[in-house]
S.K.: 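Sharing a structure, written as structure tokens. Questions coming.
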Amino acid sequence: MTYDVAIVGGGVWGSAAAQEAVRAGAKSVLLIEKNIGLAHESSAKSGGILTDLLWHPEDQGLVSRSRALYRDASELAGDASVVRPLGQLTLAEGEYVDQLHRREADLRVRGVRFEMLDKDEIRRRYPNLDRLRDGTSGMWTPDDWVVNPTAFSQVVVNRARENGLVLRAGCRVERIEVEERRVVLEAGGERFEAARVLISAGTWSRKLVRTAGFDIALRPYRVQLSSLQLAQAHELPIVWHLSTDVYMVPEGPENILAGDGTRLWEHDPDDYQQTGDDEFQMNIAERLLDLSSLGDRAGLRSSWAGLGGATPDRRPLLGPLADRLFTACGDNGIGVMRGPAVGELAARVALGLSEAPHLRPDRFPYTDFEIRPGFTLE
Ligand SMILES: Cc1cc2nc3c(=O)[nH]c(=O)nc-3n(C[C@H](O)[C@H](O)[C@H](O)COP(=O)(O)OP(=O)(O)OC[C@H]3O[C@@H](n4cnc5c(N)ncnc54)[C@H](O)[C@@H]3O)c2cc1C
């Protein structure tokens, strides 16, 4: 059988693409995922922050659309874990205070709710932040969320399967061959054929498209997160400390996730250290101690590393590599908050229903460009 569309990679991007391909009326849609479960790679390792504070206007739009899609999935499943509306407190000191203030006008124009807080007000609202330095300012954005991309992916793929999506999990695509009238995918001794193929395989995408003779400007880099056990219950929102680039995400009443840890050099997605390194764990412990006495008796539950995919301009690579072969990758470490919208757009581009020529994956030649983090204010 020749599928209308095959999507390779069932992370949050590919799952959203599968949902949209079915919804847009493609006759037969195949989703192939190498793991047994959906969204078990970078998507599962993320902190799940969804914020309006992104620096690129188009990314801000993608966050808004993703917000709606996460909300729909949450309502569809009646699963409150898909969306946790916790709000975010962005802390700044010194030169970073100006950076924060420079965002105010933009947020007002966009109608994003926010409040500027001084150190005393932050302390009053969040007594756990009892070690802030003098001169610390904060921006409170109440509509920022923590989302669960794995739960989202399961919900939307289950719904799409009810409407005809074929899911092949535990099936790793090894080679792609683009022919005149179809694309052939070789996976574990099997062959799948499709009129169009979308590669949304996260940081594996470059390796995969190279088997078909294409190359893309995607460089995987390592991102770490740790899960901390506190000695008491906390009352924290999402906290992003601009000066140290450390962020904390409430995980439960006595747990938080804490990360900074981008390692800005290229890593092989099939061969990298998946546990957090000692330097990272030490740094996180020290940064927590700087902000809160909760750190005095905190214990490390676990720490891990996943990968982000850097691109030269920190925007996605999305669109055609050939007539029948498409890709959507290049998350730049902020792919959960934009994932549902990017996946939706990628499916529409692959089906010829939308255009995004400025994101074309061949807009850069592959070179050893500098890897820069995507989760920044400017
Ligand atoms: C520690 C950490 C914290 C993060 N925190 C945040 C955050 O707070 N907010 C945010 O927005 N982003 C965050 N990110 C980034 C975010 O996780 C990614 O941008 C996002 O998950 C990308 O989704 P994806 O679907 O493109 O990739 P993935 O989730 O990696 O999905 C790709 C899928 O393709 C599959 N695949 C690969 N090769 C093949 C093959 N050959 N055949 C079949 N299937 C294949 C993989 O198994 C995988 O399931 C974080 C990342 C990390 C590592």
Side-chain angles (χ1 to χ4, degrees), residues 6-18 30-51 54 59 62-63 66 70 88 144-150 152-153 157 168-176 185-188 192 197-209 211 218 220-227 238 240 247-249 257-263 267 269-270 272 274 276 280 303-310 316-318 327-343 346 373-375:
I7 295 159
V8 181
V12 65
W13 290 28
S15 298
L30 170 68
L31 174 62
I32 308 185
E33 166 54 48
K34 71 177 172 54
N35 293 327
I36 298 295
L38 294 165
H40 271 52
E41 296 290 349
S42 291
S43 298
K45 294 174 174 178
S46 81
I49 299 173
L50 179 150
T51 174
L54 293 188
D59 285 338
L62 292 170
V63 167
S66 294
Y70 276 117
Q88 176 168 297
D144 287 346
W145 291 350
V146 179
V147 294
N148 180 337
T150 305
F152 167 86
S153 300
V157 167
R168 285 298 304 269
C171 184
R172 182 176 186 132
V173 174
E174 282 134 14
R175 226 172 82 78
I176 303 166
L185 302 172
E186 288 178 15
F192 300 95
V197 167
L198 172 66
I199 306 297
S200 54
T203 49
W204 285 269
S205 298
R206 179 170 183 237
K207 282 191 164 184
L208 262 176
V209 303
T211 67
L218 179 76
Y221 63 97
R222 197 160 153 269
V223 187
Q224 302 178 78
L225 203 57
S226 55
S227 169
I238 308 164
W240 181 20
Y247 56 91
M248 294 188 264
V249 177
L257 299 178
D260 69 339
T262 47
R263 297 291 179 259
H267 290 77
D270 290 309
Y272 70 96
Q274 300 206 29
F280 163 70
S303 75
W304 59 87
L307 297 180
L317 304 176
L318 188 156
T327 192
C329 59
D331 64 284
N332 289 276
I334 43 174
V336 161
M337 58 185 94
R338 298 171 303 152
V342 175
F375 191 24

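Just so you know, ligand 1 is whichever comes first in the structure, and atom 1 is the first atom listed for that ligand. Worth saying up front: this structure is predicted, and the values here are computed from it rather than measured.
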S.K.: Nearest non-hydrogen atom to atom 5 (N) of ligand 1 belongs to which of Gly188, Gly14, Gly47?
M.R.: Gly47
S.K.: Relative to the heavy atoms of Val223, which atoms of ligand 1 are at a distance of less than 4.0 Å?
M.R.: 1 (C), 2 (C), 52 (C), 53 (C)
S.K.: Under 4.0 Å, heavy atoms only, figure out whether ligand 1 is touched by the backbone of Ala44, its side chain, both or neither.
M.R.: neither
S.K.: Looking only at protein heavy atoms, which one is nearest to atom 18 (C) of ligand 1, and how far off is it?
M.R.: Asp331 OD2, 3.4 Å
S.K.: Can you list the ligand 1 atoms lying under 4.0 Å from a non-hydrogen atom of Val8?
M.R.: 42 (N), 43 (C)
S.K.: May I ask which of Gln224, Gln274, Glu33 has a heavy atom nearer to atom 49 (O) of ligand 1 than the others do?
M.R.: Glu33
S.K.: If only atom types and distance count, is the side chain of Ser200 paired as donor or acceptor with the main-chain N or O of Ala328 below 3.5 Å?
M.R.: no
S.K.: So is Gly48 in contact with ligand 1, going by heavy-atom distances below 4.0 Å?
M.R.: yes
S.K.: To the nearest 0.5 angstrom, please state how far the CD atom of Glu186 sits from the CD1 atom of Ile176.
M.R.: 10.0 Å
S.K.: How far is atom 16 (C) of ligand 1 from the closest protein heavy atom, and which atom is that?
M.R.: Val336 CG2, 3.7 Å
S.K.: For atom 44 (N) of ligand 1, which protein heavy atom lies nearest, and how many Å away is it?
M.R.: Lys34 N, 3.1 Å
S.K.: State the CG-CZ distance between Leu208 and Arg175, to the nearest 0.5 angstrom.
M.R.: 12.0 Å
S.K.: What protein heavy atom lies closest to atom 6 (C) of ligand 1? Include the residue and the distance to one decimal.
M.R.: Ser46 CB, 3.6 Å
S.K.: Starting from atom 8 (O) of ligand 1, locate the nearest protein heavy atom and write down its residue, its atom name and how far away it is, to 0.1 Å.
M.R.: Ile49 N, 2.8 Å
S.K.: Any chance you could measure Asp260, atom CG, to Ser226, atom OG, to the nearest 0.5 Å?
M.R.: 8.5 Å
S.K.: What residue and heavy atom of the protein are closest to atom 17 (O) of ligand 1, and at what distance?
M.R.: Ser42 O, 3.0 Å
S.K.: So, does Ala328 sit close enough to ligand 1 that a heavy atom of it is under 4.0 Å from the ligand?
M.R.: no
S.K.: Which of these, Ser43, Gly37, Gly333, has its nearest heavy atom closest to atom 15 (C) of ligand 1?
M.R.: Gly333
S.K.: Output all residues satisfying side-chain contact (heavy atoms from CB on, under 4.5 Å) with Thr150, sequence neighbours left out; order by chain, then residue number.
M.R.: Ala39, His40, Ala44, Asn148, Gln154
S.K.: Starting from the C-alpha separation in whole Å, work towards a yes-or-no answer on side-chain contact (heavy atoms from CB on, under 4.5 Å) for Val147 and Met337.
M.R.: CA-CA 8 Å; Val147 294; Met337 58 185 94; over 6 Å; no
S.K.: Nearest to atom 40 (C) of ligand 1, what protein heavy atom do you find, and at what distance?
M.R.: Val173 N, 3.8 Å
S.K.: For the 3.5 Å polar cut-off, considering only N or O atoms, please tell me whether Leu208 and ligand 1 meet it.
M.R.: no
S.K.: Could you tell me which atoms of ligand 1, counted from 1 in the order shown, lie closer than 4.0 angstrom to a heavy atom of Arg172?
M.R.: 41 (N), 42 (N)
S.K.: Considering heavy atoms of the protein only, find what lies nearest to atom 31 (O) of ligand 1 and give residue, atom and distance to 0.1 Å.
M.R.: Gly11 CA, 3.3 Å
S.K.: Which ligand 1 atoms does Lys45 reach within 4.0 Å, using its non-hydrogen atoms?
M.R.: 1 (C), 2 (C), 3 (C)
S.K.: Going by the order shown, which atoms of ligand 1 are within less than 4.0 Å of some heavy atom of Gly306?
M.R.: 53 (C)
S.K.: Could you tell me the separation between the NZ atom of Lys34 and the SG atom of Cys171, rounded to the nearest 0.5 Å?
M.R.: 12.0 Å
S.K.: Quick one: look at Thr203 and ligand 1, take heavy-atom pairs under 4.0 Å, and tell me if it's side chain, backbone, both or neither.
M.R.: neither
S.K.: Compare Trp13, Trp304, Trp204 and give the one whose heavy atom is closest to atom 38 (N) of ligand 1.
M.R.: Trp204
S.K.: Which residues satisfy the side-chain contact (heavy atoms from CB on, under 4.5 Å) test with Ala18, sequence neighbours excluded?
M.R.: Ile7, Leu31, Leu165
S.K.: Could you tell me which atoms of ligand 1, counted from 1 in the order shown, lie closer than 4.0 angstrom to a heavy atom of Glu41?
M.R.: 30 (O), 46 (C), 47 (O), 48 (C), 49 (O)
S.K.: I need the atoms of ligand 1 closer than 4.0 Å to a non-hydrogen atom of Met337, numbered in the order shown.
M.R.: 9 (N), 10 (C), 11 (O)
S.K.: Going by the atom numbers of ligand 1, which of them fall below 4.0 Å from some non-hydrogen atom of Gly202?
M.R.: 26 (O), 27 (O), 32 (C)
